[in-house]
Amino acid sequence: MKIDELYAILRRRGVLWPTAEIYGGTQGLYDYGPLGAELKRRIEEAWRAWFVGLSEDYYWIDPAEIVPEAVVRASGHLENFTDPEVTCAKCQKSFRADTVLEAARPDGVDGLSPAQIGELLVSAHARCPNCGSTELSVPRPFNMMFAVSLGVGDGERAYLRPETAQSSYLAFARMWEVGRKALPLGIAVIGRAYRNEIAPRQLLFRMRAFTQAELQIFFDPASFPVPLDSVATLDLPVVRAGPRLAGNETAVLTSVADLVSHGGLPEFYAYHLAHTYRFYREVLGIPADRIRLWEKSNEERAFYNRIQFDVEVRLDSLGGFKEIGAVHYRGDYDLTRHGAGSGKDLSIAKPDGSGRLVPHVLELTFGPDRALWALADVELATDGERTLWRLPSPLAPFTVGVFPLIRKLHTEFARSLASTLVNEGIRVDLDTAGTIGKRYARADEAGTPYCVTVDGTTVDPASPDHGTVTLRERDSKAQRRVRPEELVAVLRVAQHPLRPPPVERPAPAVPAPE
RNA sequence: GCGGGUAUAGUGUAGUUUGGUUAUCACAUAGGCUUGCCAAGCCUAUAACUCGGGUUCAAAUCCCGGUGCCCGCACCA
């Protein structure tokens with residue numbers, strides 16, 4: 001589906017819309033409506049159940065979104081992105097404008113505005129440090145962080161966090177105590193991060209306020225045991241950097257065992273990459289042919305990332321594969337920086353007493369906003385007859401639509417059934433408006449996996465089927481009559497979130513019936 | 001941020017070339033009728049010229065500017 005068409009459906013149904021829409025909207029900011037907010041919450045909850053469920057050593061925390069300036073100074077966000085930047089038109093690399101100018105004109109470049117630097121770059125015939133071209137862009141200020149002020153007046157300078165990962169690094173020292181001083185230690189954060197994008201585009205893919213779900217795993221690189229056997233035979237669609245830079249971008253199905261034995265990936269990395277892939281397949285329900293694991297080369301990665309695979313999903317609305325998440329091996333960069341910045345020793349004693357160690361970090365990062373769009377792109381379709389959103393049932397905003405067949409006669413019973421189901425913890429959408437066909441159509445469009453209809457038989461005290469309802473399945477439109485107990489059981493199963501077994505073992509032998 | 005395109009009810013549109021009635025139609029939404037299980041039908045209602053300025057007796061229509069969106073380039077630590 002094209003992006004406009006899809007966005008129109010999502011807006012009309014109240015999934016999402018531009019922030020401050022009545023003022024014409026604001027670039028890069030979006031609000032989620034009832035369906036969108038619920039769906040996003042379900043995605044986040046599914047992510048949490050899956051990844052925090054990977055190990056009892058992985059914890060979920062909820063830190064503040066504002067961090068003091070010292071934090072982003074230590075992380076490098078402040079230093080690297082406050083100064084004006086120029087881009088080389090020839091090799092398309094970007095540099096800090098003042099350093100480029102300094103190379104061409106060693107005397108005094110401090111305190112100049114971006115415009116003044118721009119003029120001097122031209123008059124000094126400054127050259128690109130990479131390729132030597134003089135075709136440099138006009139410098140532009142480039143700080144992607146939102147500054148805020150704490151307290152009265154100018155107060156203390158602070159920033160909206162540019163990534164949730166920083167919150168986990170800040171929490172490491174405390175969590176080291178809370179987690180009873182053991183590695184590996186996983187710290188998961190789900191929350192908003194803020195970047196002042198120069199040009200937000202593509203809706204949920206380039207936002208100024210967006211949600212990240214990230215698991216930072218702190219570990220000893222000499223010892224990070226994982227149950228690799230549980231995923232060893234799983235084939236992953238990988239695009240390695242080597243072949244890719246040589247011109248071959250085809251994803252190659254490679255087993256996890258192969259990635260370790262021949263592919264050069266550490267076991268802990270391959271294991272978590274495998275479970276990341278499983279999450280997209282099994283929880284989000286993305287078809288295999290739409291997913292690829294795209295390895296970033298040395299040049300493409302941030303310098304502190306040692307290994308990086310992006311998880312990309314092919315989206316028709318955005319014209320190709322788009323990154324939804326990634327797995328980064330960040331080494332000891334983060335704790336080293338914050339150790340230096342805070343003056344706190346973030347190293348720990350090695351268990352074998354052989355000295356101290358700054359824990360390494362494996363980062364599993366995921367964008368719930370992007371995932372929500374991906375679910376709409378991949379699973380929402382119009383077939384001429386109806387619009388159908390094939391959301392996996394645990395993610396659907398509503399698990400069941402409850403309808404009266406004839407409004408005047410059956411609404412009362414439908415209401416009481418709906419309230420019974422809500423008390424059972426089921427997510428219910430009671431719809432009494434319009435005709436029965438329209439209600440089914442609305443439910444299909446919202447991705448509601450089941451609908452039940454209250455009819456004459458249901459409300460007839462004399463009927464042996466009193467209290468039963470017709471249960472209709474979204475994808476097949478198939479119907480059958482069920483009793484209330486069975487209905488609750490079916491709906492409970494449907495909305496139960498998936499989580500991976502911490503360690504997969506062979507199923508115990510079960511004697512065949514008879 | 002640069003260049004190009006574009007903007008009419010919730011959605012999709014007619015009307016703009018050549019200024020001139022109460023701004024067209026469909027779907028959607030809400031209510032009514034219909035004893036009725038997949039957007040049926042009939043009746044009724046709600047609902048729009050992106051914003052600001054200008055030209056003109058008169059502007060959805062012409063001119064200028066702003067904003068949003070789309071495409072390309074750049075950016076995406």
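Letters A, B, ... mirror the listed sequences (proteins, then strands); counts begin at 1. Computed from heavy atoms alone, side chains included, the values below leave out hydrogens, waters and symmetry copies. Model, not experiment: these values are computed from the prediction.
Evaluation of the ring pair (Phe, Tyr, Trp, His ring centres under 6.0 Å) rule for A/Phe210 yields no partner, not counting sequence neighbours.
Nucleotide B/U34 holds its P atom 15 Å from the CG atom of A/Leu405, rounded to whole Å. Spacing between atom CZ of A/Phe210 and atom P of B/C76 amounts to 14 Å, rounded to whole angstrom units. Across the protein-nucleic acid pair, A/Arg206 atom CZ and B/C69 atom P stand 13 Å apart, rounded to whole Å. Between the CD1 atom of A/Ile436 and the C1' atom of B/C37 there is a distance of 6 Å, rounded to whole Å. A straight line from CD of A/Gln202 to P of B/C73 spans 11 Å, rounded to a whole angstrom. With rounding to whole Å, A/Leu203 atom CG is found 16 Å from B/C76 atom C1'. Protein atom CD of A/Glu445 is 17 Å distant from nucleotide atom P of B/C27, rounded to whole Å. In this structure, A/Arg12 atom CZ and B/C27 atom P are separated by 14 Å, rounded to whole Å.
Look at the P atom in both B/U17 and B/C73: the space between them is 35 Å, to the nearest Å. Between B/C2 and B/U8, the distance separating the two P atoms is 24 Å to the nearest Å. The separation of B/A40 from B/A28, taken at their P atoms, amounts to 7 Å, rounded to a whole angstrom. Straight-line distance between the C1' atoms of B/G66 and B/A26: roughly 34 Å, to the nearest whole Å. Using C1' as the reference atom, B/C43 and B/U6 are 39 Å apart when rounded to the nearest Å. Annotation: B/U67 and B/G53 have their C1' atoms spaced 15 Å apart (nearest Å). When the C1' atom is used for both B/C25 and B/U13, the distance is 8 Å, rounded to whole Å. Between the C1' atoms of B/U61 and B/A14, the separation comes to 14 Å (whole Å).
Across all strands, A/Arg474 comes closer than 4.0 Å to no nucleic acid atom at all (heavy-atom distances). Note on A/Pro18: nothing from the nucleic acid sits closer than 4.0 angstrom, heavy atoms only. Within 4.0 Å of A/Leu409, counting heavy atoms only, lies at least one base atom of the nucleic acid. Base contact: A/Gln479 has a heavy atom under 4.0 Å from a base atom. Among the heavy atoms of the strands, none lies under 4.0 Å from A/Asp444.
For the residue pair A/Ser168 and A/Gln216, no side-chain donor N or O sits within less than 3.5 Å of a side-chain acceptor on the partner. The closest side-chain donor-acceptor pair between A/Asp334 and A/Tyr304, if any, does not fall under 3.5 angstrom. Judged by distance alone, the side chains of A/Thr458 and A/Asp455 do bring a donor and an acceptor atom under 3.5 Å apart. Defined by atom type and a distance below 3.5 Å, a donor-acceptor pair is present between the side-chain atoms of A/Tyr440 and A/Thr453.
Listed nucleotides: B/G68, B/A30, B/U11. Nearest to the side chain of A/Arg11: B/U11. For A/Ala8, the listed nucleotide lying nearest its side chain is B/G12; candidates were B/C37, B/G12, B/A39. Distance from the side chain of A/Lys438 is smallest for B/A28 among the nucleotides B/U11, B/A30, B/A28.
Using cut-offs of 30° and 60° on the angle between ring planes, the pair A/Tyr194 and A/Phe146 is perpendicular.
Both key distances under 3.5 Å define a Watson-Crick or G-U pair, and stretches of 3 or more such consecutive pairs in RNA chain B run B:1-7 with B:67-73, B:10-12 with B:25-27, B:29-33 with B:41-45, B:50-54 with B:62-66.
Position along RNA chain B of the nearest nucleotide to A/Ser317 versus A/Arg481 favours A/Arg481 as the more 5'-ward residue. Residues A/Tyr440 and A/Lys408 each lie close to RNA chain B; by heavy-atom proximity, the contact nearer the 5' end of the strand is made by A/Lys408.
A salt bridge links A/Arg157 to A/Glu69: at least one charged side-chain nitrogen sits closer than 4.0 Å to a carboxylate oxygen.
Remark: A/Arg407 CZ to A/Thr435 OG1 distance equals 10.0 Å, nearest 0.5 Å.
Side-chain atoms of A/Arg195 stay outside donor-acceptor range of the base of B/C76, with no qualifying N/O pair under 3.5 Å. For a distance-only test at 3.5 Å, the side chain of A/Arg472 fails to qualify as a donor-acceptor partner of the base of B/C37.
Residue A/Thr435 has a polar side-chain atom (N or O) positioned under 4.0 Å from OP1 or OP2 of B/A40. Residue A/Arg407 has a polar side-chain atom (N or O) positioned under 4.0 Å from OP1 or OP2 of B/G32. Between A/Arg13 and the phosphate of B/A28, there is no side-chain N or O to OP1/OP2 separation shorter than 4.0 Å.
With contacts defined as side-chain heavy-atom distances shorter than 4.5 Å, the pair A/Val311/A/Phe279 does not qualify.
Separation of the A/Tyr333 and A/Tyr169 ring centroids does not fall under the 6.0 Å cut-off.
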